[in-house]
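I have placed the structure first, in the form of structure tokens, so that the comments after it can refer back to it.
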Amino acid sequence: MSITAIKGFNDILPGEVEKWHHIEAAARDVFSRFGFSEIRVPILEKTDLFARSIGDTTDIVEKEMYSFIDKGENRITLRPEGTAGVMRAFIEHKLYALDPLSKLYYMGPMFRYERPQKGRYRQFHQIGAEVTGVANPKIDAQVLTMLSRFFTELELDEPTLEINSLGCPECRPAYRETLKEFLRLKLDALCEDCCRRFETNPLRALDCKVEGCKTATAGAPAMLEHLCTGCDTHFASTREYLELVSTRYRINNRMVRGLDYYTRTTFEMVTGLLGAQSAVAAGGRYDGLISDLGGPQVTGIGFAVGVERVALLLDAAKFSSSPDLFIVALGEQSERRAFSIACELQARGVSVEFDYDGKSMKSQMRRADKLSCSFTLIIGESELASGKAPLKEMATGVQTEVTLDTDSIANHLKS
RNA sequence: GUGGCUAUGGUGAAGUGGUUAACACUUACGACUGUGACUCGUACAUACGUGGGUUCAAAUCCCACUAGCCACCCCA
């Protein structure tokens with residue numbers, strides 16, 4: 001067996017990439033309409049950045065990071081998500097000094113050492129967007145609307161938006177205790193994992209898929225009912241703005257987050273079409289993150305879209321493109337002529353194919369058909385002599401005589 | 001890290017102990033010597049993931065390993 005790719009690392013082959021181009025183009029198009037600029041940050045960062053931002057005790061940091069020591073004995077990590085790096089850059093370059101309000105987006109590979117399964121890979125790709133410096137819930141609603149817009153531009157109506165509020169350092173600790181009080185009485189009904197997480201992350205029990213846990217937590221107190229006044233009005237206002245522009249959403253008061261930095265608004269775009277992986281995009285507000293990382297006291301909100309997961313929802317067949325013209329050439333002189341005509345047409349924006357190996361006319365026609373070329377131009381001895389050649393429209397079989405110069409060929413292709 | 005399933009050519013796949021590994025697609029060439037798509041013909045696995053074992057005989061049974069997939073955990 002020859003060398004294969006690393007487990008969980010995939011090649012994106014021709015036929016599949018077109019889908020990716022489409023997704024990326026839709027993101028660029030939509031995000032820029034909402035005033036976002038692209039930012040490109042490194043794939044490797046110091047390990048501490050992720051440990052501090054994502055949270056020391058999260059699964060990502062505890063067991064999923066690709067971390068190693070480089071030759072200078074620096075502890076570095078292949079980024080498991082995008083927000084930390086973007087915020088590091090925001091702080092490092094003091095972008096806030098220029099304008100505390102920034103709207104940034106990024107796209108690229110992320111790495112997590114997990115067992116691969118459907119819609120989950122060790123190298124995967126995210127398209128993300130981050131806003132800093134706006135505390136007003138208008139931005140929550142706008143970011144959510146932009147995310148919804150992105151999916152509708154892709155003609156995907158399946159993923160639905162779910163939102164929740166996780167409160168803030170003011171109200172979450174109290175709620176956490178209230179919830180623990182409730183769960184304490186149900187401990188024997190909860191699954192092993194939930195019991196284990198009782199101290200570290202009791203909120204997770206609300207999102208557990210085990211039947212016993214679902215029934216046991218059915219009447220559990222909800223975060224939404226324990227928000228402080230500030231968080232409560234923030235959430236209400238977010239909803240109001242969403243409704244103002246008819247952005248469809250559903251409240252899911254059991255949604256929790258795997259990263260520590262989230263506060264207040266959190267959300268996911270969920271689908272039932274991807275097996276165990278229901279989230280195709282997720283995000284939330286992170287009001288404390290930037291200052292935690294040594295930056296100024298500015299708020300943030302953002303999301304990340306799982307590109308593989310979106311790609312899984314899209315039909316690959318729809319995005320292939322085919323050449324405008326195939327030039328069939330018979331004989332050496334014709335081949336030379338075909339070569340230069342092709343080159344000239346390519347220079348003016350026409351996509352042209354021709355045969356490289358002096359194959360038979362039948363072979364060349366077959367190839368033209370296989371590549372779904374719109375037109376075929378046939379050049380042989382007599383065409384060279386007369387300066388005119390048949391141009392065949394493949395779909396209809398209709399053939400017209402054209403003069404053998406790029407202008408007239410190009411003109412005929414347009415019609 | 002744990003569990004389940006699977007492993008035959010470029011692809012999808014038949015074949016569950018016995019001489020030539022079915023079929024379809026793809027690819028190449030040809031029938032139509034200068035016109036594709038339809039049709040027809042021809043060609044294409046030093047042999048069945050790897051290593052061992054059982055047997056007179058294994059792609060077919062057993063064991064181990066590896067890989068892939070799906071699921072748990074967690075997440076995009």
Side-chain angles (χ1 to χ4, degrees), chain A residues 1-8 10 23 54 57-65 79-83 107-128 147 159 191-194 196-197 201 204 207-210 255-259 267-271 274-284 302-313 326-331 334 355 357 359-384 389-399:
Chain A
M1 193 46 161
S2 51
I3 296 175
T4 57
I6 302 169
K7 182 203 281 286
N10 299 122
I23 294 168
I54 298 169
T57 60
T58 57
D59 274 32
I60 293 177
V61 171
E62 275 185 347
K63 50 184 205 192
E64 294 173 2
M65 294 207 303
R79 63 181 186 194
E81 57 101 42
T83 303
M107 49 184 73
M110 307 293 162
F111 305 84
R112 291 195 338 207
Y113 194 90
E114 301 178 89
R115 274 292 264 281
Q117 68 190 73
K118 189 180 181 68
R120 161 195 289 173
Y121 312 100
R122 289 185 172 179
Q123 179 183 112
F124 62 103
H125 296 75
Q126 290 187 333
I127 298 175
L147 182 58
C191 72
E192 234 179 278
D193 291 318
C194 287
R196 198 193 67 229
R197 287 187 296 245
N201 189 2
R204 270 284 307 164
D207 197 32
C208 188
K209 286 166 197 135
V210 178
M255 182 169 65
V256 297
R257 303 273 65 197
L259 283 62
F267 51 92
E268 285 181 359
M269 295 289 306
V270 297
T271 176
L274 292 180
Q277 266 61 244
S278 56
V280 294
F303 62 79
V305 178
V307 182
E308 289 66 8
R309 292 182 184 180
V310 175
L312 247 18
L313 298 175
F326 191 100
I327 306 181
V328 172
L330 289 325
S334 307
D355 166 67
D357 297 318
K359 290 214 177 121
S360 70
M361 175 163 199
K362 183 180 197 65
S363 282
Q364 297 188 48
M365 289 300 294
R366 275 188 178 158
R367 184 157 182 84
D369 183 60
K370 186 187 157 196
L371 298 173
S372 325
C373 297
S374 311
F375 290 90
T376 303
L377 182 71
I378 298 160
I379 305 178
E381 306 265 321
S382 54
E383 286 75 17
L384 248 27
L391 180 72
K392 181 172 189 174
E393 184 177 7
M394 296 301 270
T396 60
V398 174
Q399 221 161 276

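Residue numbers begin at 1 in each chain, while the letters A, B, ... track the order of the sequences.
- Atom-to-atom, CD1 of A:Ile54 to P of B:A76 comes out at 9 Å; the value is rounded to the nearest Å.
- Distance from the side chain of A:Gln117 is smallest for B:C73 among the nucleotides B:A76, B:C73, B:U35.
- Between B:C72 and B:C61, the distance separating the two C1' atoms is 33 Å to the nearest Å.
- Between A:Arg257 and the phosphate of B:A76, there is a side-chain N or O to OP1/OP2 separation shorter than 4.0 Å.
- The minimum heavy-atom distance between A:Ser334 and A:Glu381, with the atom names listed, is OG-N, 4.0 Å.
- Helical stems of RNA chain B (runs of at least 3 Watson-Crick or G-U pairs, donor-acceptor distances under 3.5 Å) are listed by first residue: B:1-7 with B:66-72, B:10-12 with B:23-25, B:27-31 with B:39-43, B:49-53 with B:61-65.
- Annotation: of the two residues near RNA chain B, A:Phe124 and A:Arg120, the 5′-most nearest-nucleotide partner is A:Arg120.
- Ranked by how close their nearest RNA chain B nucleotide is to the 5' end, A:Tyr113 and A:Thr58 are led by A:Tyr113.
- One finds the NZ atom of A:Lys392 at 4.5 Å from the CE atom of A:Met365 (value rounded to the nearest 0.5 Å).
- If you check every strand for non-hydrogen atoms under 4.0 Å, A:Gly283 touches nothing.
- Across the protein-nucleic acid pair, A:Phe303 atom CZ and B:A76 atom P stand 13 Å apart, rounded to whole Å.
- Comparing B:C40 with B:U46, their C1' atoms are spaced 31 Å from each other, to the whole Å.
- Separating the CD atom of A:Gln277 from the C1' atom of B:A76 is a distance of 9 Å, rounded to the nearest angstrom.
- Looking at heavy-atom distances under 4.0 Å, A:Ala281 makes contact with sugar-phosphate atoms alone, never a base.
- Among residues two or more places apart in sequence or in another chain, the side-chain hydrogen bond (donor to acceptor under 3.5 Å, both in side chains) test is passed with A:Ser363 by A:Ser360.
- Taking the side chain of A:Lys118 as heavy atoms from C-beta on, and the options B:G34, B:A71, B:A28, the nearest nucleotide is B:A71.
- Comparing the P positions of B:A13 and B:A76 gives an interatomic distance of 33 Å, to the nearest angstrom.
- Between the side chain of A:Lys392 and the base of B:U35, a donor-acceptor pair under 3.5 Å is found.
- Spacing of C1' atoms, B:G12 relative to B:U26, comes out at 11 Å, to the nearest Å.
- At a threshold of 4.5 Å between non-hydrogen side-chain atoms, the residues A:Glu308 and A:Arg120 do not count as touching.
- Side-chain N/O atoms of A:Arg115 and base N/O atoms of B:G68 include no donor-acceptor pair closer than 3.5 Å.
- Between B:U11 and B:G3, the distance separating the two P atoms is 30 Å to the nearest Å.
- Here, B:G49 and B:U42 have their C1' atoms 32 Å apart, quoted to the whole Å.
- Checking B:G36, B:C72, B:G34 against the side-chain heavy atoms of A:Ala276 singles out B:C72 as nearest.
- Scanning atom types as modelled, one donor and one acceptor separated by under 3.5 angstrom connect the side chain of A:Glu383 and the base of B:G34.
- The distance from atom CG of A:Leu391 to atom C1' of B:G36 is 14 Å, rounded to the nearest whole Å.
- The local environment of CZ in A:Arg204 is crowded, with over 12 non-hydrogen atoms from other residues, nucleotides or ligands closer than 6.0 Å.
- Separating the C1' atom of B:C44 from that of B:G51 is a span of 29 Å, rounded to the nearest Å.
- No contact: A:Thr376 has no heavy atom under 4.0 Å from any strand.
- Using a 4.0 Å heavy-atom distance criterion, A:Asp369 is classed as a base contact.
- In the set B:A71, B:U35, B:G36, the nucleotide with an atom closest to the side chain of A:Lys362 is B:G36.
- One can find a donor-acceptor pair under 3.5 Å joining the base of B:A76 and the side-chain atoms of A:Arg112.
- With both ends at atom P, the span from B:C69 to B:U8 equals 14 Å, rounded to whole Å.
- A:Lys7 has its NZ atom 13 Å from the C1' atom of B:C65, to the nearest Å.
- Residue-to-nucleotide contacts include a donor-acceptor pair under 3.5 Å from the side chain of A:Gln399 to the base of B:U35.
- Rounded to an integer number of Å, the gap from A:Lys63 NZ to B:C72 P is 13 Å.
- Put simply, the side chain of A:Lys63 does not reach to within 4.5 Å of the side chain of A:Tyr113, judged on heavy atoms.
- The nearest whole Å value for the distance from the CE atom in A:Met361 to the C1' atom in B:U33 is 12 Å.
- Between A:Glu81 and A:Ile54 there is a side-chain heavy-atom pair separated by less than 4.5 Å.
- Interatomic distance, A:Lys118 NZ to A:Leu312 CG, rounded to the nearest 0.5 Å: 5.0 Å.
- Counting non-hydrogen atoms under 4.0 angstrom, A:Gly128 reaches nothing in the nucleic acid.
- Closest contact between the side chain of A:Gln126 and the listed nucleotides B:U35, B:A71, B:A76 involves B:A76.
- Whole-Å rounding puts the A:Arg367 CZ to B:A37 P distance at 15 Å.
- Atom CG in A:Asp369 sits 11.0 Å away from atom CZ in A:Phe326 (nearest 0.5 Å).
- Within the 4.5 Å cutoff, no side-chain heavy atoms of A:Val280 are placed close to those of A:Val305.
- At a cut-off of 3.5 angstrom, counting only N and O atoms as typed in the model, there is no donor on one side facing an acceptor on the other between the side-chain of A:Ser360 and the base of B:G34.
- Of all nucleotides listed (B:C75, B:G34, B:G36), B:G36 comes nearest to the side chain of A:Met365.
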